[in-house]
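So the structure is just underneath, and the comments pick up after that.
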Amino acid sequence: MWKPLISMQRVNSGDKIRYLHPDVKKAETLFKVVKTDEHYFELLPAVDEADLPRSLFATKIVRYFDIGYTIQIEVWDDCV
């Protein structure tokens with residue numbers, strides 16, 4: 001189940017993230033967390049099913065400060 005990621009909520013490497021596009025109804029982009037740190041995390045587009053090399057995509061960095069202020073992100077939670 002997708003749950004909103006709130007500012008300062010930690011994620012782990014391997015977590016699935018989706019970015020909700022505010023200007024486009026029901027538009028989303030899926031990512032996978034590849035690295036975490038105290039103030040930010042790095043993610044790459046989820047391309048596992050497309051079987052494309054990761055080197056084709058740039059790493060995106062998200063600062064925890066940005067979550068809820070400038071971008072809307074949800075994290076997948078298997079526990080529900």
Side-chain angles (χ1 to χ4, degrees):
M1 171 198 242
W2 291 106
K3 291 188 173 182
L5 186 66
I6 58 174
S7 183
M8 301 310 292
Q9 177 183 344
R10 298 289 183 238
V11 294
N12 299 306
S13 291
D15 281 355
K16 296 177 197 173
I17 301 283
R18 79 175 172 181
Y19 166 68
L20 302 174
H21 302 278
D23 299 331
V24 183
K25 190 173 184 178
K26 294 188 178 180
E28 63 183 39
T29 304
L30 300 178
F31 295 92
K32 188 173 187 177
V33 177
V34 293
K35 182 181 176 183
T36 62
D37 201 341
E38 186 175 349
H39 301 289
Y40 72 92
F41 56 92
E42 297 178 11
L43 41 85
L44 286 171
V47 295
D48 296 338
E49 55 277 349
D51 196 29
L52 296 171
R54 284 186 171 186
S55 60
L56 292 178
F57 300 96
T59 301
K60 306 292 183 193
I61 298 175
V62 176
R63 296 176 302 168
Y64 283 112
F65 180 78
D66 293 332
I67 300 172
Y69 294 100
T70 58
I71 59 175
Q72 183 179 359
I73 295 179
E74 294 181 335
V75 62
W76 181 256
D77 186 357
D78 290 327
C79 299
V80 179

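Both the sub-6.0 Å distance and the 45° axial angle are not jointly satisfied by Arg10 relative to the ring of Phe41.
Taking NZ of Lys60 as the reference point, atom CG of Leu44 lies at 9.5 Å (rounded to 0.5 Å). Note that the OH atom of Tyr64 and the CG atom of Leu5 stand 7.0 Å from one another [nearest 0.5 Å]. Between the CD1 atom of Ile61 and the CD atom of Glu42 there is a distance of 4.5 Å, given to the nearest 0.5 Å. To the nearest 0.5 Å, atom CD1 of residue Ile73 and atom CD1 of residue Ile67 are 4.5 Å apart. If you take CD on Glu74 and NZ on Lys16, they are separated by 14.0 Å, rounding to the nearest 0.5 Å.
The same ILVMFWY cluster, assembled from side-chain heavy atoms under 4.5 Å apart, contains both Ile71 and Ile17.
Ring-plane geometry between Trp76 and Trp2 is classed as perpendicular, the angle between the planes exceeding 60 degrees on a 0 to 90 degree scale with a lower cut at 30.
A pairwise comparison of heavy atoms in Val33 and Thr36 identifies CG1-CG2, 3.7 Å as the closest pair. When all heavy atoms of Val62 and Leu43 are compared, the pair lying nearest together is CG2-CD2, 4.1 Å.
Checked against the 6.0 Å centroid threshold, Tyr40 and Phe65 do not count as a close aromatic pair.
The salt bridge (charged side-chain N to carboxylate O under 4.0 Å, His left out) search around Arg63 returns Asp66, not counting sequence neighbours. Partners of Phe31 according to the ring pair (Phe, Tyr, Trp, His ring centres under 6.0 Å) rule, which considers only residues two or more places apart in sequence or in another chain, do not exist here.
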